[in-house]
Amino acid sequence: MKLPKAYNPSDYEPNIYQMWLDNGVFTANPSSKKPTFTISMPPPNETGTLSIGHALFLTLQDIMTRHARASGMDALWLPGTDHAALPVNAIMEKTLAHEGTNKHEIGREEFIRRTKDFVGSSRQTMLGQMRAMGASADWTRLRYTLDDALNRCVNETFTKMYNDGLIYRGARIVNWDPNLQTTISDDEVEHVDETTTFYTFKYGPFEIGTARPETKFGDKYVVMHPDDERYAQYKHGDTFEAEWINGPIMATVIKDEAIDPAFGTGVMTITPWHSHVDFEIAERHGLEKEQIIDENGNLLAIAGEFKGMNIHEARPLIVEKLRAKGLVVNEDANYQHSVAVNERGKGIIEPQIKLQWWIDVNRPVVDWNGHKRSFKEILQSVVNDGDITIIPSRFNKNYFHWIDNLRDWCISRQIWWGHQVPAWYKTGADGQQETYVGVLPPADESGWTRDEDTLDTWFSSALWTWSTLIDQDAAQNYELSFEELLKQSPDFKAYHPTSVMETGWDILFFWVARMILCTTYMTGQIPFKDVYLHGMVRAEDGKKMSKSRPESIIDPLAVIPQYGTDALRMALIMGVSPGNDQNWGQGKIEANRNFCNKIWNMARYTEGVLENNPASGNPEPSSLADHWVVMRVSEELKTIDEQIRTYHFSEAYDRLYHLIWDDVADWYLEASKAELNPALLKWVLETLLTIAHPFAPFVSETIWQELSLGDKEILATRLWPETIACDDAKAKEFETLKAIISETRVIKATLNFNGGLLKHSNSRIASDNASLITKMARLESIENTEAAMSSGIALTENNENCWLEISEEIARNYLASTEEKLADLKKGIATISARLDNPAYVEKAPEKLVSESRAQLEQLRSELVATEEQYHRFKTL
RNA sequence: GGGUGAUUAGCUCAGUUGGCUAGAGCACCUCGUUUACACCGAGGGGGUCGGGGGUUCGAAUCCCUCAUCACCCACCA
């Protein structure tokens with residue numbers, strides 16, 4: 001025996017993974033003739049270690065990839081990591097602050113160098129963890145979002161969009177994070193609820209409400225709805241003088257439909273520099289805009305005596321001053337509103353007007369399917385036209401809704417870690433600023449200075465599916481045009497568009513939509529055909545795992561040594577449906593550790609049999625159990641294959657679990673002990689290991705290697721098994737046999753006795769399989785009496801004239817069970833005959849269902865007759 | 001304000017396009033040291049599928065409505 005009694009995963013996993021690597025099992029081959037299957041791995045951020053969420057996506061993608069490989073495809077799962085601009089930058093700045101310095105002191109070059117060191121070690125940790133999860137990714141094609149080739153793609157994309165007028169530089173209102181000192185996109189803004197004080201101030205003849213008195217210094221426009229009759233006497237453009245924070249000011253009346261007359265007094269003043277809505281009103285009417293708050297959140301000169309003060313300190317002082325002037329009309333301390341924060345770091349967002357780079361999403365100049373379209377229109381049409389399928393489909397609605405609300409995308413960031421904007425500026429002879437945008441710096445760099453900003457991480461991530469497939473060396477040859485580069489990239493030609501994008505629903509907008517946008521634009525192709533969205537893994541109590549509750553965090557790498565990677569993988573997909581969140585379940589991991597051990601012991605049993613009874617010849621079913629197991633395995637081979645292909649991972653897993661445990665382990669292996677068929681037993685084991693492999697790669701491959709199974713040396717390269725022929729009638733006979741054994745067990749358990757004598761009257765199945773029945777039902781013996789039953793308890797669930805010969809004394813105790821059974825049978829008969837008595841059912845339901853119902857009714861009725869006879873006999877005992 | 005999801009056994013959840021008398025894992029109860037496995041085997045209890053309407057021969061599944069919970073988007077002077 002090579003296999004020890006229990007499966008201990010950590011004894012085998014690292015070696016098995018290394019064996020796969022050594023044999024190049026995961027390496028794709030674009031020159032093969034096989035159909036291709038591609039997944040671009042969503043690159044994890046290089047900020048630390050793998051989370052349970054990473055473990056989930058690695059499992060799902062690995063199942064798909066291994067299944068594709070087994071389906072005879074050239075499967076490429078392309079791995080990578082993300083430079084994670086904003087989070088990494090924040091970590092670095094914090095580290096520098098700790099050391100008493102900052103990025104400006106050490107300079108850009110040194111900053112980049114130190115950041116590379118940091119992410120380098122973090123990357124190695126993460127790659128090791130991904131391998132520990134069993135990820136069958138092609139590590140020879142490992143990519144990084146800051147690779148030189150990707151940088152070229154970034155510059156190509158930026159330049160092309162700039163030349164097409166789709167990227168522009170403009171002073172617009174942005175989401176400014178004073179903590180991280182950068183702009184962020186709309187999608188990175190999160191709203192958190194807050195209770196604050198809502199003030200109502202007197203402002204000339206009006207009363208205005210605000211939660212932010214500190215922004216009000218420069219307010220000189222008072223806005224109301226044009227149809228608000230309370231203010232009908234004031235005309236658009238009227239001016240008036242009002243006493244305000246730092247003395248009298250001239251104010252102008254503006255009428256605008258953005259104002260809700262029902263809110264507060266229906267009048268407000270605006271601060272265009274620090275509010276999105278106010279900015280839009282000011283733009284509509286061509287109003288002046290003035291900055292009040294600087295980039296650190298301090299008040300500017302316009303605040304007079306408050307100049308230089310932080311807004312939070314200044315707020316109460318400003319209110320105090322207004323109160324002293326008698327301008328405070330009302331204060332509501334329980335005002336509920338939400339405040340915008342950066343989802344990274346939770347810094348409060350201060351809108352500012354800044355000169356930034358933007359992508360225009362509304363300009364219809366992009367060629368797509370022969371039409372000039374805007375980015376918005378392309379995003380809509382690829383999903384509407386079915387080029388891309390989102391799974392589950394309910395996310396279509398979210399996706400379209402997001403597009404409808406999409407505004408121009410601010411892509412520049414005031415941080416150093418990332419792809420630098422490929423734009424250069426110089427002041428020309430006439431004093432005007434010139435701008436140069438290009439893939440390469442200007443030919444003569446003298447006088448030009450490069451834009452200091454970097455691009456939003458998602459801008460480079462948006463190029464991920466194809467930038468990773470272009471020839472990495474050719475990308476450095478700038479003689480080649482971008483189109484030539486694509487043509488000369490074998491991987492791009494073989495593997496793009498990719499087959500499926502598997503990712504979390506939380507980055508549908510951030511990433512999936514932006515990949516579609518940039519990829520259709522640059523390559524003329526969709527990035528992927530299907531989008532499969534998984535949910536979040538939450539803590540066992542249903543709440544988010546969070547750093548503030550360290551005990552809530554499940555570390556996948558801590559689970560693996562104790563339970564094994566396979567158990568972790570299966571726990572993560574068990575009972576989980578696409579797009580739905582799941583709670584971590586300790587019970588699930590234990591159940592799957594046990595399942596792995598079950599597989600192990602199924603192999604161990606087979607190993608023992610084969611040692612004494614070497615398999616010879618082709619596997620062919622002989623006994624009833626053989627025919628039955630071949631039938632069951634063949635059915636499930638097809639179904640599980642289909643389920644994986646259609647992304648029903650949980651159901652595929654469920655079928656595998658019960659096939660192995662219930663059908664094979666509990667029935668077939670036990671039955672085989674009565675009538676050995678070593679060749680078939682071996683076939684069953686090999687087949688089950690092959691279909692279990694995508695789910696449980698380690699235990700299946702370990703057994704394969706330890707027992708030197710199969711026609712191939714490595715299970716990971718084996719094709720999905722073929723079915724073999726069986727006799728359906730014999731398989732059905734085994735079902736009858738199962739019924740005899742099960743019912744015998746039930747009677748024995750109900751009456752709680754051991755042994756027992758089973759008699760039958762010329763049952764061929766019972767006499768042919770006497771030893772099997774005796775063994776599995778744990779009987780004393782079995783005999784054919786030829787005579788009809790006269791005493792004991794009849795088995796009524798089959799038509800084989802079998803009965804348990806036991807004393808009338810004990811048999812009478814079965815009366816209660818018989819009564820229950822009678823009730824159940826009558827209920828079942830009532831249900832089905834009611835259905836059949838309904839002419840509409842017989843007429844409209846499919847013929848197959850109707851005939852099934854008839855057969856079922858027939859069966860129940862004969863069972864009822866037998867049970868009733870028995871019942872009356874017991875009554876008279 | 002707009003939207004999505006959830007509500008199924010004590011707990012955590014599956015349940016493809018409506019179709020066998022509604023399932024799993026865990027937990028629970030009874031029995032069992034059968035040489036693959038106690039990380040086991042055999043048997044069992046437990047649900048009017050959130051409430052109410054409707055469509056249909058047939059509804060956990062489709063439609064309407066209400067309730068509770070979670071989340072997303074927008075707004076917030």
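Order of the sequence lines fixes the chain letters, A, B, ..., with proteins taken first and strands second; residue numbering starts at 1 for each chain.
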Specify the separation, in whole Å, of atom [atom1] of [X] and atom [atom2] of [N].
X: Asn583(A); N: C11(B); atom1: CG; atom2: P; result: 13 Å
X: Asn754(A); N: U30(B); atom1: CG; atom2: P; result: 17 Å
X: Met570(A); N: C39(B); atom1: CE; atom2: P; result: 17 Å
X: Gln336(A); N: C75(B); atom1: CD; atom2: C1'; result: 15 Å
X: Asp186(A); N: A74(B); atom1: CG; atom2: P; result: 7 Å
X: Phe198(A); N: C75(B); atom1: CZ; atom2: C1'; result: 14 Å
X: Arg538(A); N: C69(B); atom1: CZ; atom2: P; result: 16 Å
X: Leu656(A); N: A14(B); atom1: CG; atom2: C1'; result: 16 Å

Nearest-Å distance once atom [atom1] is located in both [N] and [M]:
N: C29(B); M: U7(B); atom1: P; answer: 29 Å
N: G50(B); M: G10(B); atom1: P; answer: 13 Å
N: G23(B); M: U48(B); atom1: P; answer: 15 Å
N: C57(B); M: G3(B); atom1: P; answer: 32 Å
N: A6(B); M: A42(B); atom1: C1'; answer: 37 Å
N: C62(B); M: C20(B); atom1: P; answer: 15 Å
N: A9(B); M: G47(B); atom1: C1'; answer: 5 Å
N: U34(B); M: C49(B); atom1: P; answer: 43 Å

Got a salt bridge between Lys638(A) and Glu642(A), using NZ or NE/NH1/NH2 to carboxylate O under 4.0 Å? no
Contact list for [range], test salt bridge (Lys or Arg N to Asp or Glu O under 4.0 Å), sequence neighbours left out:
range: residues 570-585 of chain A; result: Arg538(A)-Asp581(A)
range: residues 585-603 of chain A; result: none
range: residues 843-853 of chain A; result: Lys848(A)-Glu852(A)
range: residues 653-674 of chain A; result: Arg632(A)-Asp663(A), Glu636(A)-Arg655(A), Glu670(A)-Lys673(A)

Are the aromatic rings of [X] and [Y] close, with centres under 6.0 Å apart?
X: Tyr532(A); Y: Phe649(A); result: yes
X: Tyr335(A); Y: His337(A); result: yes
X: Tyr12(A); Y: Phe698(A); result: no
X: Phe509(A); Y: Tyr399(A); result: no
X: Tyr203(A); Y: Phe201(A); result: no

When we call it a touch if two heavy atoms are under 4.0 Å apart, what does [X] touch: a base, just sugar-phosphate, or nothing?
X: Val223(A); value: nothing
X: Trp661(A); value: sugar-phosphate
X: Ile259(A); value: base
X: Tyr335(A); value: sugar-phosphate

List the residues meeting side chain to side chain donor-acceptor pair (under 3.5 Å) with His285(A), not counting sequence neighbours, and say none if there are none.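 Partners of His285(A) by the side chain to side chain donor-acceptor pair (under 3.5 Å) criterion, ordered by chain and then number, come out as Asp256(A).
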What's the closest nucleotide to the Asn752(A) side chain, out of G44(B), C31(B), A14(B)?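 For Asn752(A), the side-chain atoms sit closest to C31(B).
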Counting only side-chain heavy atoms from C-beta out, which of C57(B), A74(B), C72(B) sits nearest to His191(A)?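 Among C57(B), A74(B), C72(B), the one nearest the side chain of His191(A) is A74(B).
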Main-chain N/O of Val328(A) paired with Lys202(A) side-chain donor or acceptor, under 3.5 Å: no
Is it true that a side-chain atom of Asn597(A) and a backbone atom of Tyr7(A) form a donor plus acceptor pair closer than 3.5 Å?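 At least one qualifying donor-acceptor pair exists.
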How does RNA chain B read in dot-bracket, base by base from 5' to 3', with Watson-Crick or G-U pairs under 3.5 Å and | used when the partner is on another strand? (((((((..((((.....[...)))).(((((.......))))).....(((((..]....))))))))))))....
Give me the distances for all protein-to-nucleotides 1-9 of chain B N/O pairs that come in under 3.5 Å?
unit_1 : atom_1 : unit_2    : atom_2 : d
U4(B)  : OP1    : Lys397(A) : NZ     : 3.0

Mind running a 4.0 Å heavy-atom check of residues 200-208 of chain A against RNA chain B and sending the residues that fall below it, in number order?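 RNA chain B contact set from residues 200-208 of chain A: none.
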Filtered N/O pairs between nucleotides 34-36 of chain B and protein, under 3.5 Å:
unit_1 : atom_1 : unit_2    : atom_2 : d
A36(B) : OP1    : Lys673(A) : NZ     : 3.4
A36(B) : O3'    : Arg604(A) : NH1    : 3.2
A36(B) : O2'    : Asn601(A) : OD1    : 2.2
A36(B) : O2'    : Arg604(A) : NH1    : 3.0
A36(B) : N7     : Lys673(A) : NZ     : 3.3
A36(B) : N6     : Ala665(A) : O      : 3.0
A36(B) : N6     : Glu670(A) : OE2    : 2.8
A36(B) : N3     : Asn601(A) : O      : 3.1

Would you list the protein and nucleotides 48-50 of chain B atom pairs, both N or O, that sit under 3.5 Å from each other?
none

For nucleotides 16-26 of chain B, list the nitrogen or oxygen atoms of the protein found under 3.5 Å from its nitrogen or oxygen atoms, one pair per line.
unit_1 : atom_1 : unit_2    : atom_2 : d
U16(B) : O2     : His648(A) : ND1    : 3.4
U16(B) : O2     : His648(A) : NE2    : 3.2
U16(B) : N3     : Gln643(A) : OE1    : 3.4
U16(B) : O4     : Gln643(A) : NE2    : 3.1
C20(B) : O2'    : Gln856(A) : NE2    : 2.9
U21(B) : OP1    : Arg835(A) : NH1    : 3.2
U21(B) : OP1    : Arg835(A) : NH2    : 3.0
U21(B) : OP2    : Arg835(A) : NH2    : 2.8
A24(B) : O3'    : His658(A) : NE2    : 3.4

Quick one: does Leu804(A)'s side chain get under 4.5 Å of Phe753(A)'s, heavy atoms only? yes
Where Leu849(A) and Tyr841(A) come nearest, the two heavy atoms and their spacing: O-OH, 3.6 Å
Residue pair Ala340(A) / Val189(A): nearest heavy atoms and the distance that separates them: CB-CG1, 3.7 Å
With side-chain contact (heavy atoms from CB on, under 4.5 Å) as the criterion, how do Ile173(A) and Trp273(A) come out once you've worked through the C-alpha distance, each side chain's angles and the decisive distance to 0.1 Å? CA-CA 7 Å; Ile173(A) 193 149; Trp273(A) 202 282; over 6 Å; no
What residue pairs, at least two apart or across chains, pass side chain to side chain donor-acceptor pair (under 3.5 Å) with a residue in residues 825-835 of chain A? none
In terms of side-chain heavy atoms, does Asn594(A) have a donor or acceptor partner in Tyr563(A) at a distance below 3.5 Å?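 Asn594(A) vs Tyr563(A): no donor-acceptor pair found between side chains.
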